[in-house]
> 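This is the structure, below, for whatever I ask next.
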Amino acid sequence: PLFDRLKNIELAINSKQFKESGNKKYYRNADLKALYGLSPNTIIKYRETGVIPFTRLGDVYLYEAALIERILDNNKINT
């Protein structure tokens, strides 16, 4: 029963329905790497130092897309 529950959680995490629940969209580590070119170590450092907010579900880290984009906007440098 526990294995089945974990499998269902994994399927939910991987599904688009979970990533875009309601109006919220979530990124996973792989998304941050692909979209922003962040290395795994940089993502870990940003999590540990509080640079990027996250939600942890088991071994999966989720990052709310709107918050990540707001962080990027707040750190934008206009020249």
Side-chain angles (χ1 to χ4, degrees):
L2 180 60
F3 180 75
D4 291 335
R5 290 177 66 192
L6 290 173
K7 191 67 174 172
N8 289 337
I9 291 171
E10 182 180 8
L11 290 172
I13 290 170
N14 290 327
S15 74
K16 185 173 181 166
Q17 179 184 7
F18 182 79
K19 283 186 168 184
E20 297 180 4
S21 61
N23 291 332
K24 294 183 180 182
K25 180 179 177 186
Y26 293 89
Y27 294 138
R28 295 177 70 182
N29 287 347
D31 299 322
L32 294 180
K33 291 191 292 187
L35 292 170
Y36 303 111
L38 298 175
S39 71
N41 287 337
T42 300
I43 295 170
I44 292 168
K45 180 175 76 173
Y46 286 172
R47 274 197 322 253
E48 289 176 350
T49 58
V51 172
I52 55 175
F54 65 93
T55 300
R56 182 175 174 196
L57 185 62
D59 290 336
V60 176
Y61 292 91
L62 300 170
Y63 311 91
E64 190 176 335
L67 294 177
I68 299 298
E69 291 164 12
R70 188 178 314 145
I71 291 167
L72 291 173
D73 285 341
N74 289 340
N75 289 294
K76 187 182 340 182
I77 299 173
N78 294 320
T79 55

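Predicted, not measured: the structure shown is a model, and the values here were computed from it. Position 1 is the first residue of the sequence; numbering continues from there.
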> Just verifying a value: how many Å separate I68 CD1 and Y27 OH, rounded to the nearest 0.5 Å?
8.0 Å
> Transitively linked via ILVMFWY side-chain contacts under 4.5 Å: I52 with L72?
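Shared cluster, yes.
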> Got a sec, which residues hit salt bridge (Lys or Arg N to Asp or Glu O under 4.0 Å) with D73, two or more places apart in sequence or on another chain?
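If we apply the salt bridge (Lys or Arg N to Asp or Glu O under 4.0 Å) test to D73, skipping adjacent residues, there are no hits.
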> Give a yes or no on whether the backbone of R28 and the side-chain of D31 come within a donor-acceptor separation of less than 3.5 Å.
yes
> Can you pull the ring pair (Phe, Tyr, Trp, His ring centres under 6.0 Å) pairs that have at least one residue in residues 31-52, sequence neighbours excluded?
none
> Taking only residues two or more places apart in sequence or in another chain, which ones pass side chain to side chain donor-acceptor pair (under 3.5 Å) with S39?
T42
> For K33, what residues pass the side-chain contact (heavy atoms from CB on, under 4.5 Å) criterion, not counting sequence neighbours?
P40, I43
> Can you name the residues that form a side chain to side chain donor-acceptor pair (under 3.5 Å) with E64, not counting sequence neighbours?
none
> Who pairs with Y61 by ring pair (Phe, Tyr, Trp, His ring centres under 6.0 Å), at least two apart in sequence or on another chain?
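Result, ring pair (Phe, Tyr, Trp, His ring centres under 6.0 Å) vs Y61: F54.
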> Does one hydrophobic cluster hold both L67 and L38, with members joined at side-chain heavy-atom distances below 4.5 Å?
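Different hydrophobic clusters.
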> Check side chain to side chain donor-acceptor pair (under 3.5 Å) between R47 and all other residues, then give those that pass, not counting sequence neighbours.
Y63
> Hey, any chance I44 and L57 share a hydrophobic cluster, counting ILVMFWY side chains that come within less than 4.5 Å of each other, even indirectly?
no
